[in-house]
Amino acid sequence: MLTVAGANHVITMDLHASQIQGFFNIPVDNLYAEPSTLRYIKDNIRGYRDVVIVSPDAGGAKRATAIAGKLDVDFALIHKERKRANEVSRMVLVGDVRGRVCILVDDMADTCGTLGLAAATLIENGATDVYAIVTHGVLSGKAISVINDSKLSKVVVTNTIPHQDKKLLCPKLDTIDVSATFAEAIRRTHNGESVSWLFERAPE
């Protein structure tokens, strides 16, 4: 649809599946929110050197371990046991979070049910505080009420999807501005410079 509309280059961020790039017959640059996420953690979470980075499911383990590695902190994983599709029966924590601040990281938050259950699991296992940092805040359905009623201290999303109206209803919602990353990617593409510089850095 994008190519038929006339697009000749796509710049996107944290594709849910990187294989999507292969469906295009035009250049695709898939940027990463990780550098901006790392900056947010260092600037906004007190005592970040002693946090535990947590993946809310096995599929996000690679993302979480990468962030934990760059912060040189511990990593934990939550394993979801399902009764049937889209219905989680229970969550099992793999790792030690007792007395620690936990940061859940994921690429997308839709209804936020998984994040809410994951936060409750972490608190039950002794975590003192739970944050969630997500690239794409879809925040559909009852997401806002789920966040407000959850054990989450804060849910941080980038502005890849507009959510200013949701922030008015949810005091726990915070934003990472990635507009500078996209702007720099566009500038570099226009000038024929390498976009890969942005894979490890977040522009000011």
Reference residue Tyr40; test side-chain contact (heavy atoms from CB on, under 4.5 Å); the match among Asp174, Thr158, Asp177: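 By the side-chain contact (heavy atoms from CB on, under 4.5 Å) criterion, Tyr40 pairs with just one of Asp174, Thr158, Asp177: Asp174.
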
Sole candidate of Asp129, Val130, Val52 that passes side-chain contact (heavy atoms from CB on, under 4.5 Å) when paired with Val101: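 So the option named by the test is Asp129.
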
When rounded to the nearest 0.5 angstrom, what distance separates [atom1] in [X] from [atom2] in [Y]?
X: Ser145; Y: Leu169; atom1: OG; atom2: CG; answer: 10.5 Å
X: Ile103; Y: Ile41; atom1: CD1; atom2: CD1; answer: 4.0 Å
X: Asp57; Y: Lys80; atom1: CG; atom2: NZ; answer: 4.5 Å
X: His16; Y: Asp106; atom1: NE2; atom2: CG; answer: 8.0 Å
X: Met13; Y: Asp107; atom1: CE; atom2: CG; answer: 12.5 Å
X: Arg98; Y: Arg100; atom1: CZ; atom2: CZ; answer: 12.5 Å

Hydrophobic clusters here meaning ILVMFWY residues chained together by side-chain heavy-atom distances under 4.5 Å, can you tell me if [X] and [Y] are in one?
X: Leu139; Y: Val105; result: no
X: Leu115; Y: Val54; result: yes
X: Leu104; Y: Tyr131; result: no
X: Leu122; Y: Val51; result: no
X: Val156; Y: Ile147; result: no

NZ/NE/NH1/NH2 to OD/OE distance under 4.0 Å, Arg63 and Asp14: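 No, Arg63 and Asp14 are not salt-bridged.
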
Report yes or no: does [X] contribute a side-chain atom to a donor-acceptor pair with the main-chain N or O of [Y] at less than 3.5 Å?
X: His9; Y: Ile186; result: no
X: Asp74; Y: Ala76; result: no
X: Asn159; Y: Val178; result: yes

Minimum heavy-atom separation for [X] to [Y], with atom names?
X: Asn125; Y: Val97; result: O-CG2, 3.7 Å
X: Thr181; Y: Ser36; result: OG1-OG, 3.9 Å
X: Asp110; Y: Ala143; result: O-CB, 3.4 Å
X: Thr175; Y: Lys167; result: OG1-NZ, 3.1 Å
X: Lys172; Y: Leu152; result: NZ-O, 2.9 Å
X: Ala202; Y: Pro35; result: N-CB, 3.7 Å

Please list all pairs passing the salt bridge (Lys or Arg N to Asp or Glu O under 4.0 Å) test where one or both residues lie in residues 35-47, with sequence neighbours left out.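 For residues 35-47, and leaving out neighbouring residues, the salt bridge (Lys or Arg N to Asp or Glu O under 4.0 Å) pairs sorted by first residue read Arg39-Glu204.
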
Is the closest side-chain heavy-atom distance between [X] and [Y] below 4.5 Å?
X: Ser150; Y: Leu117; result: no
X: Leu31; Y: Val195; result: yes
X: Asp72; Y: Arg49; result: no

Would you say that more than 12 heavy atoms from the other residues, nucleotides or ligands in this model lie under 6.0 Å from the NZ of Lys166, or not?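 Yes - once you tally the heavy atoms of other residues, nucleotides and ligands closer than 6.0 Å, there are more than 12.
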
Applying salt bridge (charged side-chain N to carboxylate O under 4.0 Å, His left out), name anything that partners Glu184, two or more places apart in sequence or on another chain.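 Applying salt bridge (charged side-chain N to carboxylate O under 4.0 Å, His left out) to Glu184 gives Arg187, Arg188.
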
